[in-house]
Amino acid sequence: MDYEFHWNIVFQKMPELLQGAFVTLHVSVLSMVLGIAIAVFLAIAKMNNTKPFNYVAVGWIEIARNTPALFQIYMAYFGLGAFGIHLSPYMAVLSALVFINAGYLAETFRGGFQSIPDAQYNASKSLGMTSFQTYRYIILPQMFRRIYHPMTNQFVWSILMSSLGILVGMSELSGETQRLQSLSFRTLEFFIVTAVLYYIITKFVLICASLLSKRLFKGEI
Amino acid sequence: TAQADQLDEVIKRGTLNCGVVLDFPPMGYFDKDNKPAGFDVDYCNDLAAALGVKSNVLNLTWGDRIPSLVSGKTDVVIGSTSDTLERAKSVGFTYPYFVFKFQTISKKGTPINSFADLKNVKVGAALGTTYETEYLAYAEKMGWGKDNYTAFKSENDAYLGLYQGKVDAIISTNTNIATKLQTKEFADYVAGPYVPNYDDVVGLIAKRSEVAWINYLNLFLIHQIRDGNMNKHYNKHFGSDAPADLIQSLRDNK
Amino acid sequence: MIKIENVRKSFGELEVLKGINLDVEQGEVLSIIGGSGSGKSTLLYCINAIENIQGGKIFVDGIDVHNKATNKDQLRQKLGMVFQQWNSFPHLTVLENVALAPQIVKKMSKEEAIEIAQKELKHVGLGDKFDMYPTKMSGGQQQRLAIARALAMRPDYMLFDEVTSALDPELVGEVLDTLRILREEGMTMICVTHEIAFAREVSDQVAFFHKGVIEEMGPPEQVISNPQKETTQAFLSKVLS
Amino acid sequence: MIKIENVRKSFGELEVLKGINLDVEQGEVLSIIGGSGSGKSTLLYCINAIENIQGGKIFVDGIDVHNKATNKDQLRQKLGMVFQQWNSFPHLTVLENVALAPQIVKKMSKEEAIEIAQKELKHVGLGDKFDMYPTKMSGGQQQRLAIARALAMRPDYMLFDEVTSALDPELVGEVLDTLRILREEGMTMICVTHEIAFAREVSDQVAFFHKGVIEEMGPPEQVISNPQKETTQAFLSKVLS
Amino acid sequence: MGSLFTPLSWSDTGFILTGVWNTILISGLSIFVGSVLGVIVGFARAESNKYVNFLFGSVLDVLRSVPLIIQLVLFSTFMGVMGSPLPPFVAGTIILSLYTMAFMAEVFRGGFESVNNSMIIAGRSLGMTYWQTIRHVRFPIGLRSVFPAWLGVALSVIKDSALVSVIGYVELLRTSDQLISRTQQPLEILIGVGLFYFLISYPLSVYGRRIERKHAL
Ligand SMILES: Nc1ncnc2c1ncn2[C@@H]1O[C@H](COP(=O)(O)OP(=O)(O)OP(=O)(O)O)[C@@H](O)[C@H]1O
Ligand SMILES: Nc1ncnc2c1ncn2[C@@H]1O[C@H](COP(=O)(O)OP(=O)(O)OP(=O)(O)O)[C@@H](O)[C@H]1O
Ligand SMILES: [Mg+2]
Ligand SMILES: [Mg+2]
């Protein structure tokens with residue numbers, strides 16, 4: 001091969017890459033927080049039979065799960081743009097991720113909820129607990145453990161998918177990489193370093209999540 | 001015998017693999033039959049004709065330009081590549097074949113009289129282009145910050161963003177703006193001030209080590225002007241004769 | 001005293017209880033035996049108001065269980081129940097499992113609840129397992145935990161639904177021993193069970209259920225040792241073979 | 001004849017079999033009883049060469065089972081085995097379950113294998129279930145299927161590992177009846193079982209396992225009805241209570 | 001001069017269909033190759049010891065921890081720079097297949113491990129050899145139980161195949177991107193694209209869930 005690696009340019013630009021990495025984390029954390037909040041409502045609405053809410057929830061969940069993330073992002077950016085609704089690249093990516101996260105997490109929550117055996121309700125009732133107490137002390141704590149792992153996966157997915165920000169000119173890690181490499185034409189070097197940065201970020205998140213789960217959950221289910 | 005260089009190879013192969021960015025009208029774009037067209041595409045065909053080989057136009061993204069050369073997928077990239085010294089560490093440039101000026105375009109009535117007025121409006125440009133760099137450098141010097149700036153993945157997306165009203169003005173090349181202004185979609189728009197003190201001088205690029213090949217390409221560029229091909233294509237794609245100062249600066253290899 | 005008068009219960013089309021009459025006096029032990037699907041569990045759930053009924057009445061200490069005006073959460077505090085499937089709360093330690101309901105239902109202080117929990121756990125022989133998580137315990141231990149959990153609410157009656165039938169044979173004994181202790185202490189109990197020998201030993205009354213009706217009922221010497229009906233005989237010979 | 005000589009078996013540090021000696025003659029039925037973890041299943045697995053051993057020897061018809069030179073796949077064809085958990089193959093019909101091994105192991109033609117499978121299924125009372133999938137069957141039926149599956153390989157010996165202990169009490173009888181039929185037909189069998197009454201009825205010999213050794217062995221009248229050792233007495237009183 | 005903006009016309013149908021076909025082609029091929037590799041790696045992982053597993057695990061881990069878009073650009077640039085440039089279709093198929101494999105391997109591994117060991121032992125006790133139990137017991141049962149999960153991964157690959165556009169493969173989303181530039185009509189085109197994905201993905205995901213529910217019973 002006749003390719004000489006030039007690494008010094010990448011190290012010079014490291015602060016800008018790290019700035020991009022920060023934006024990546026930022027947008028994915030926010031997309032999870034908002035996604036979880038909406039997912040709770042979607043899950044409740046889907047399990048509930050009140051018509052209009054049920055339809056909205058089912059529609060949301062199915063569209064989110066059955067179309068590409070890239071499509072959602074384009075839609076949020078140029079699709080909404082056709083209606084004169086102008087989101088910044090950051091907002092477009094954020095809203096697409098929130099939309100998708102909410103759809104997937106709603107199904108996770110519903111599954112977690114339905115996986116708690118009836119026996120747990122009966123046992124709680126037989127001890128004289130009210131419905132509220134049953135949920136508060138018995139059902140929700142168990143449900144949270146079951147959805148914890150899928151939730152971390154969704155978080156990692158959000159980090160990886162935020163890389164699509166590159167396609168609407170968002171300056172997260174991938175976008176910054178794209179910009180920096182075109183200034184120097186050092187494509188390979190920049191993308192290698194970026195791949196490593198993504199790996200570190202996702203591993204870091206997973207390790208934190210598993211440490212946290214050890215602290216939170218003592219008994220097994 | 002001496003090792004065959006790129007020039008020999010192209011002639012022997014009988015095909016010129018010529019990379020063009022087809023996302024940058026009128027230099028490169030898809031016509032209504034979704035076929036490649038544009039000033040750069042015409043240059044590819046002229047070069048192939050001069051070599052006496054078939055022309056094979058490859059559609060590149062901005063990011064593909066270097067890897068395609070290094071890997072030998074393309075022999076030359078005619079892709080409006082700004083000849084910065086930083087990039088010249090990675091790739092071999094010919095003499096300039098075109099000079100762009102950077103300019104704003106905005107809807108009529110947007111209060112932009114000088115470049116300094118951009119401070120008050122939302123500005124956009126294509127990600128990773130030289131004019132993006134120029135604008136950002138200028139904005140930083142003036143202390144504007146990045147808040148009113150939006151990057152787009154491509155030149156096309158930048159125009160779409162302007163058209164939809166995502167931004168009030170975008171920075172683009174004077175040539176591109178001139179062609180856009182002739183379409184009915186952009187009839188309501190006007191070209192604005194130039195980026196101060198900056199000409200975007202672009203060259204063809206080839207493998208850095210292929211000196212003889214670059215030599216040949218340089219001579220080709222001179223002949224394009226001398227034989228009038230340059231002016232002919234300019235006319236076809238820009239609707240007027242090439243300006244004298246552009247011709248002159250290319251002759252001077254500035 | 002628990003009084004069951006002509007109770008009928010259906011799931012949709014399926015009539016599961018077809019007019020059940022039963023009385024359980026204070027201090028008495030009633031065993032219910034019968035084939036799968038005969039409605040034994042369903043009756044316990046109805047007594048506890050976990051399932052509603054379609055006809056008849058159930059009184060617990062004179063309170064009409066299925067009356068709309070009855071506070072069912074309060075009523076259930078009188079009735080401890082232990083189920084066939086182990087259903088300890090997997091996210092809580094053994095001690096927390098037992099102490100939870102006294103705290104949140106009876107509003108005891110944490111110290112008080114823990115004291116009671118410790119006492120009841122020792123009562124069922126789990127005095128050394130306070131900080132374990134129930135998923136690490138054997139089935140027999142989990143069932144004893146469930147008994148302690150119910151006892152900690154200081155119920156007046158205990159309902160047992162085949163508490164040994166999901167256990168390995170060797171673990172059955174330890175759970176039955178716990179029931180024997182309760183009997184000695186004078187607890188009023190209704191036990192649904194497949195353990196015929198145990199039923200014979202501890203019951204004051206045995207009721208044989210068949211397809212939603214009580215086919216035969218009386219002291220164990222009569223129903224188990226000397227059954228009159230053919231259905232009872234068939235069932236017993238199958239189970240005892 | 002199966003000959004077991006001073007067999008020792010450990011899992012890591014844990015010694016599970018501590019020198020076992022046993023002979024099972026042609027046509028004899030040996031029952032093995034004993035507490036959980038005493039090594040009963042492990043012994044069956046060793047006879048079948050599913051587990052290896054650390055000391056001693058096992059001979060089946062004179063073949064040294066654990067000798068390196070022994071073809072174990074071939075040896076296992078002599079030894080039919082049925083396990084505690086139902087492990088019918090869920091992706092095959094009942095008939096295919098039974099016909100599979102004769103085809104691929106014994107290289108029978110499909111027709112031949114199916115004929116044998118039908119015969120053995122009728123043998124265990126599943127003559128009307130050929131095209132069912134086993135997941136739709138009761139536990140007792142699945143166990144009988146497992147017996148038919150083993151019999152279709154025409155084994156000389158059958159090893160049963162607590163085949164009824166995961167069954168509902170009502171289904172135990174049908175499986176034991178199938179074992180009785182095999183005994184009548186003169187099959188040589190080793191049965192690990194918790195069904196003491198059954199063991200007493202059908203066995204020529206009973207071996208009581210305790211912590212990896214045979215504590216007591218002999219005809220059922222002796223070991224079950226009149227146990228000598230304290231450990232045996234304790235075990236029997238627990239199981240029979 | 002040529003006109004830059006022209007509205008969508010019927011003559012674009014062929015172009016769009018090329019995009020549709022290319023999307024189907026690259027995702028179909030990648031799902032196939034990825035599944036085959038996934039079965040092999042998944043089986044190896046289910047069968048092998050800690051160390052082999054750690055090795056496999058780390059490779060799969062990298063494939064699952066770096067965004068697909070970065071992998072695509074990196075791989076296609078890398079191959080170019082190494083002197084053996086690959087056409088976008090080939091580079092895209094390779095990376096998409098490996099990416100698919102990374103997820104499929106875990107799916108299949110789970111399937112193989114879920115086959116109760118007692119069934120394998122039962123097979124051995126009937127005199128089957130090791131490979132016979134693999135072939136007749138472990139594979140059929142393991143593969144059957146993972147179908148819903150397999151379908152889930154396959155559907156996500158169809159959706160992720162949209163990313164291959166970044167290295168210049170003209171699949172559906174890139175076709176539409178090009179048409180959007182030319183027509184300046186993003187909404188109509190995007191809705192069409194979304195509908196296409198939805199119509200492929202939704203019925204299959206409903207089917208997968210039905211199977212899953214049936215399995216759960
Ligand atoms: N929630 C329910 N919905 C519909 N049918 C039910 C429900 N619970 C029980 N049944 C049906 O009611 C009948 C009686 O069930 P029940 O559980 O009371 O029987 P059982 O005597 O306790 O049997 P087992 O010995 O198997 O526990 C059965 O046919 C059962 O299928
Ligand atoms: N594969 C294994 N690895 C490690 N230890 C094992 C293994 N199989 C069995 N053991 C241990 O060996 C001991 C004997 O087990 P075995 O299954 O033979 O007992 P058993 O008499 O059949 O009991 P049960 O009546 O519960 O079936 C137990 O302590 C068990 O935990
Ligand atoms: Mg019941
Ligand atoms: Mg065993």
Side-chain angles (χ1 to χ4, degrees), chain A residues 1-5 24 61-63 65-83 100 107 115 153 156-157 159-167 172-174 177-178 181 186-206, chain E residues 23 58 61-84 152 155-166 172-174 176-177 180 184-191 193-206 209 212 216:
Chain A
M1 86 181 200
D2 53 0
Y3 189 85
E4 282 295 323
F5 284 90
T24 290
I61 291 169
E62 295 304 340
I63 293 174
R65 292 166 62 95
N66 291 298
T67 48
L70 187 48
F71 161 78
Q72 313 281 7
I73 292 177
Y74 273 169
M75 207 58 198
Y77 198 59
F78 289 120
L80 291 182
F83 294 108
I100 300 174
E107 286 295 88
S115 73
N153 283 344
V156 168
W157 183 91
I159 292 173
L160 297 184
M161 279 303 155
S162 69
S163 66
L164 298 184
I166 199 175
L167 297 173
E172 40 67 68
L173 182 49
S174 302
T177 309
Q178 176 72 0
Q181 69 89 20
R186 287 290 153 190
T187 317
L188 200 51
E189 289 88 334
F190 273 105
F191 274 86
I192 288 174
V193 170
T194 297
V196 172
L197 284 178
Y198 271 110
Y199 184 79
I200 293 173
I201 293 173
T202 53
K203 273 284 102 72
F204 174 75
V205 166
L206 284 175
Chain E
T23 287
S58 327
D61 205 33
V62 171
L63 289 170
R64 275 183 269 124
S65 308
V66 175
L68 184 55
I69 200 168
I70 303 286
Q71 293 184 38
L72 285 164
V73 174
L74 193 54
F75 179 70
S76 111
T77 309
F78 179 80
M79 290 312 286
V81 159
M82 288 300 142
S84 22
L155 289 179
S156 79
V157 171
I158 295 177
K159 287 180 273 164
D160 289 344
S161 75
L163 296 186
V164 179
S165 59
V166 297
L172 180 57
L173 211 66
R174 184 159 168 130
S176 53
D177 199 32
I180 290 171
Q184 307 277 311
Q185 298 172 304
L187 194 63
E188 298 84 332
I189 294 173
L190 282 178
I191 286 178
V193 170
L195 209 58
F196 165 80
Y197 282 106
F198 190 82
L199 289 181
I200 287 193
S201 178
Y202 180 67
L204 287 174
S205 73
V206 168
R209 263 175 278 170
E212 192 163 32

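In what follows, chains carry the letters A, B, and so on, assigned in the order in which the sequence lines appear, proteins first and then strands, with residues in each chain numbered from 1.
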Which region of Val73(E), side chain (C-beta onward) or backbone (N, CA, C, O), has a non-hydrogen atom less than 4.5 Å from a non-hydrogen atom of chain A, or is it both or neither?
side chain
Highest number of heavy-atom pairs under 4.5 Å with chain A: which of Leu204(E), Ile158(E), Leu173(E)?
Leu173(E)
Considering the options Leu63(E), Val157(E), Leu163(E), which one meets the side chain to side chain contact (heavy atoms under 4.5 Å, CB included) requirement together with Leu68(E)?
Leu163(E)
At a 4.5 Å cut-off on heavy atoms, which part of Glu107(A) comes close to chain E: side chain, backbone, both, or neither?
side chain
If we only count heavy atoms from C-beta on, is the Thr77(E) to Phe191(A) side-chain gap below 4.5 Å?
no
Select one option (side chain, backbone, both, neither) describing which atoms of Phe190(A) are under 4.5 Å from chain E's heavy atoms.
neither
Under 4.5 Å heavy-atom distance to chain E, tell me which part of Leu167(A) shows up: side chain, backbone, both or neither.
side chain
Select one option (side chain, backbone, both, neither) describing which atoms of Leu74(E) are under 4.5 Å from chain A's heavy atoms.
both
Chain A contact via Val166(E) - which portion, at a heavy-atom distance below 4.5 Å:
side chain
Taking every non-hydrogen atom, the tightest pair across Ala162(E) and Tyr197(E)
CB-OH, 3.8 Å
Just wondering, are more than 12 heavy atoms of other shown residues or ligands nearer than 6.0 Å to CZ in Phe78(E)?
no
Residue pair Ser201(E) / Lys159(E), side-chain heavy-atom distance below 4.5 Å
yes
Compare all side-chain heavy atoms of Leu187(E) with those of Phe83(A) and state whether any distance is below 4.5 angstrom.
yes
Proximity breakdown for Ile166(A) and chain E, heavy-atom pairs closer than 4.5 Å:
side chain
Quick check on Pro186(E) against chain A: is it the side chain, the backbone, both or neither that has a heavy atom closer than 4.5 Å?
side chain
Is it the backbone or the side chain of Asp160(E) that comes under 4.5 Å from a heavy atom of chain A, or both, or neither?
side chain
Heavy-atom closest pair (Lys203(A) atom, Ser65(E) atom, distance to 0.1 Å) is NZ-OG, 3.8 Å
